[in-house]
Amino acid sequence: MAASFYFGRRRALMISKGDVRTLNSLPGYYGYYTAIWCGIPALIIFTFWQLFESTLITNLVIAGLPENVTSLSKQQLNLAINEIRNLINGNIVVGTVSPEIAAAAERYRDMQAISDTALLVVMIALGLGGASYALSCIHQQQRARNKVENTILVFLITCSTVAIFTTLGIVLSVLFEAILFFQAVPITDFLFGLEWSPQTAIRPGQVGASGTFGAVPLFTGTLLVSVIAMVVAIPIGLMSSIYLSEYASPGMRALSKPLLEILAGIPTVVYGFFVALTVAPFFRGWGESLGMDVSSESALAAGVVMGIMIIPFVSSLSDDAIYAVPQSLRDGAYSLGATQSETIRRVIIPAALPGIVAGILLALSRAIGETMIVVMAAGLAANLTANPLESVTTVTVQIVTLLVGDQEFDSPKTLAAFALGLVLFVVTLTLNVIALYVVRRYREQYE
Amino acid sequence: MSNMNKLAPSKPKTIDLVNASLAKRHASEKLFRYMGLISILMGLMFLFMLFYSIVSKGYTAFQQTFIQLEVNFDEQLLDPEITRHHDVLSSANYGSLIKKSLSQVFPDVRSRNEKRLLYNLISIGATYQLRDMVMDNSALIGQTLPVWVPADDDVDMLIKGHTTRDVPETERRLLDMQISWLDQLAAKEKLTLKFNTAFFINGDSRDPELAGIWGAFMGSIYTLLVTLILSFPMGVATAVYLEEFAPKISG
């Protein structure tokens, strides 16, 4: 590709006969144009080749296998294919290798070699062909710059849409599996049932096999932990952002803000075992000394530490909102004789309120979706209660325990995880949409 | 302001009203200010509590108890036919060297049970350590050298203070006899805490004194590398597109 760039540029310079101004674009652009024509078709073919090569060769090899192998059931055919692949990669093979499998492996290896050489030849041919086509197109009036810029634009757009497509893919995959689940368990049972006990029988007649999938205890558990987290995070976060933006000296602000941001940067698994090792025993001992019965996996411990983690979110989002209020409002209030706290309480907070509310909603959606802290700190048994001293379980904990288990993939027990994931996704999406709407609708436009 | 003098004297002047409320307003201002300061301090206090609790519980992981033994790399035990062949050296019984060395330090340990308790004081990694030493340099065979070998994890916990001697013997992992041997070793300055390099070099292990984070660390690095290579160009490209090229959408 570098060579094609060089040749393209040279050709452009030659055409201009020394006077570069007669060209439509800078000589470099002609070079890039040639390089693009050389590289992109080859790259596209390479990608598609790699994607489809192994499936194509596998199918060809299977078609060539003798009759007794192709008539096997689907699982045994898969086993045979795996054996062939293991032989080729030099991995350990189970037992002795039958001659058909060995012959098939040989054929696979041969076809792979043919395909590799073919790929190399095709790519070189495309590269040279593209480069020569581009070179022949170079003439004085050619708008090389526009074409090159357009190519770059297409590349940027593709990158931007990748994120959207990825999100779409995730949502669709969760949706399909959740639909499978709702065929086994009715949706009203799931959303409104009060018993969460996700055991299904592996063998017929197994004890403890009755499974009920009522998710209300999970929702209340999540809500309890999140509310406790918000009760901790909102006052501390809001008041510290007010103090830092209105009262603090620049030195203190420069010191405290990064320190508070560190709280957001600590890995959540570290928070998790901080809860499990320090905070939960502390609450338990404190409760026992007061005569109360505090579980060692209380919602209070998990909620408090989750609140600590969310403080920087609330703090920085409300800091932005407060900062956006124009100085003229503050000056007006001061000139009327208001003290600083009165200005903040009566003028600035109401003006910044949409931004603050949006920040709180975003922090809430973060709290609801938080997994690692509650996996290590909260319990596993569903408990329908409003008492923060008892152990509750949340939606995210249940998703983890369901998917990490040994059940087969399409049993209702494992599929319940997808249904829970769908509910979680819908709730956090709604919260984020509401936050955006609140900001857009109620935000004061200060010129 | 001159009109004010003509009003009835019972009507309060505005300035008096304002002055009367000033004290209260200043007090609430102070309270508000303190509340803000307290909330910042609470946030910072949480941060320091977190760091303190983790560091104070975990810093002992960087130390490991080592015991010094006089190891006689006896040719008769390791390589009687003097082949110096790789396979022979690799499969020789290095554990016996350690056992002999320990028996020399504590000659009055006779019974089988007691000997087993004595040998349990040394980590199983010591055997591999001696093997690596000989494989690297076969000239060691026939010499007698002092070697610092890692102690077993029960010994490690005792020396670091995580288990105490106050607990009755039946509830402990180390018997009184073993502790007295350890005290004798410490008195001869053959038992000490050193920096735990094994933590950074070794991979996972079922023996706590030999476990390290190297495998997990490399896994993290590879994951980060893949993430960076994928997300950094795409993120920058998206940002450039949205900033420079995309049509301005209001709102």
Side-chain angles (χ1 to χ4, degrees), chain A residues 149 152-153 155-164 166 232-233 235-248 252-253 255-257 259-260 262-263 266 270-271 273-274 277-279 282 304-305 307-309 311-312 315 337-345 436 439-441 443, chain B residues 14-15 17-19 21-58 216 220 223-224 227 229-247 249-251:
Chain A
E149 298 265 320
I152 296 184
L153 189 65
F155 169 70
L156 292 178
I157 294 180
T158 319
C159 285
S160 315
T161 50
V162 161
I164 302 176
T166 315
V232 168
I236 297 183
L238 196 56
M239 287 306 296
S240 49
S241 73
I242 289 175
Y243 187 85
L244 280 178
S245 57
E246 296 285 325
Y247 289 107
M252 181 172 185
R253 187 186 156 95
L255 183 66
S256 314
K257 228 173 180 305
L259 281 179
L260 279 180
I262 291 181
L263 277 177
I266 297 178
V270 173
Y271 275 119
F273 69 70
F274 173 58
L277 292 183
T278 309
V279 177
F282 169 73
V304 163
V305 174
I308 295 176
M309 181 191 76
I311 289 175
S315 169
T339 62
Q340 234 173 338
S341 68
E342 283 163 2
T343 321
I344 294 174
R345 267 181 287 151
L436 276 175
V439 167
R440 198 177 307 169
R441 174 99 148 70
R443 184 181 55 177
Chain B
T14 317
I15 188 70
L17 279 173
V18 169
N19 283 339
S21 68
L22 263 183
K24 190 156 169 247
R25 284 166 64 205
H26 280 157
S28 81
E29 156 84 15
K30 256 198 176 160
L31 184 67
F32 193 76
R33 203 182 164 122
Y34 278 138
M35 266 170 38
L37 191 60
I38 287 175
S39 59
I40 291 193
L41 291 179
M42 269 181 81
L44 294 180
M45 182 191 75
F46 287 138
L47 182 67
F48 290 127
M49 253 172 48
L50 178 76
F51 273 109
Y52 177 72
S53 121
I54 290 178
V55 170
S56 68
K57 289 198 171 118
S220 288
T223 313
L224 278 176
T227 308
I229 291 177
L230 272 181
S231 65
F232 181 69
M234 231 181 267
V236 171
T238 310
V240 165
Y241 172 71
L242 287 175
E243 258 310 301
E244 301 283 331
F245 293 101
I249 306 175
S250 60

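Throughout, protein chains are lettered first and strands after them, A, B, ... in sequence-line order, and every chain is numbered starting at 1.
- Taking CG of A/Leu153 as the reference point, atom CD of B/Glu244 lies at 11.5 Å (rounded to 0.5 Å).
- Residue contact with chain B, scored on non-hydrogen atoms closer than 4.5 Å, is absent for A/Leu436.
- Atom CZ of residue A/Phe273 and atom OG of residue B/Ser53 lie 8.5 Å apart, to the nearest 0.5 angstrom.
- Of the listed residues A/Ile157, A/Ile242, A/Val162, the one with more heavy-atom pairs under 4.5 angstrom with chain B than any other is A/Ile157.
- Taking A/Glu246, A/Glu342, A/Met252 one by one and counting their heavy-atom pairs under 4.5 Å with chain B, the maximum is reached by A/Glu342.
- With hydrogens and angles left out, the side-chain atoms of B/Lys30 and A/Ser341 include no donor and acceptor closer than 3.5 Å.
- For the set B/Lys57, B/Met42, B/Arg25, the entry with the most heavy-atom pairs within less than 4.5 Å of chain A is B/Arg25.
- Interface residue B/Met35: backbone and side-chain heavy atoms are both found under 4.5 Å from chain A.
- We find the CG-CG distance between A/Leu244 and B/Leu37 to be 9.5 Å, quoted to the nearest 0.5 Å.
- With rounding to the nearest 0.5 Å, the separation of CG in A/Leu255 from CG in B/Leu44 is 8.0 Å.
- Formation of a donor-acceptor pair under 3.5 Å by the A/Gln340 side chain with backbone atoms of B/Glu29 is not found in this model.
- Looking at A/Ile266, the atoms closer than 4.5 Å to chain B (heavy atoms on both sides) all sit in the side chain, from C-beta outward.
- Atoms CZ and CD1, on A/Phe274 and B/Ile54 in that order, are 7.0 Å from each other to the nearest 0.5 Å.
- Residues A/Arg345 and B/Ser28 have side chains in contact (heavy-atom distance under 4.5 Å, counting atoms from C-beta outward).
- For the side-chain contact (heavy atoms from CB on, under 4.5 Å) test with B/Leu47, the passing option among A/Ile311, A/Ile262, A/Leu260 is A/Ile262; the others fail.
- For a residue to count as touching a neighbouring chain, one of its non-hydrogen atoms must lie under 4.5 Å from one of that chain's; by this rule B/Phe51 touches chain A with the side chain only.
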CA sep, side-chain torsions, deciding dist, call: A/Val305, B/Phe46, side chain to side chain contact (heavy atoms under 4.5 Å, CB included): CA-CA 9 Å; A/Val305 174; B/Phe46 287 138; over 6 Å; no
Under the criterion side chain to side chain contact (heavy atoms under 4.5 Å, CB included), I'd like the reasoning laid out for B/Ile40 against A/Met239: C-alpha separation, chi angles, the key distance, then a yes or no. CA-CA 8 Å; B/Ile40 291 193; A/Met239 287 306 296; over 6 Å; no
Could you go through the side chain to side chain contact (heavy atoms under 4.5 Å, CB included) check for B/Phe32 and A/Tyr247 one step at a time? CA-CA 10 Å; B/Phe32 193 76; A/Tyr247 289 107; 3.6 Å; yes
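- Once rounded to the nearest 0.5 Å, the distance linking CE of B/Met234 with OG1 of A/Thr161 reads 9.5 Å.
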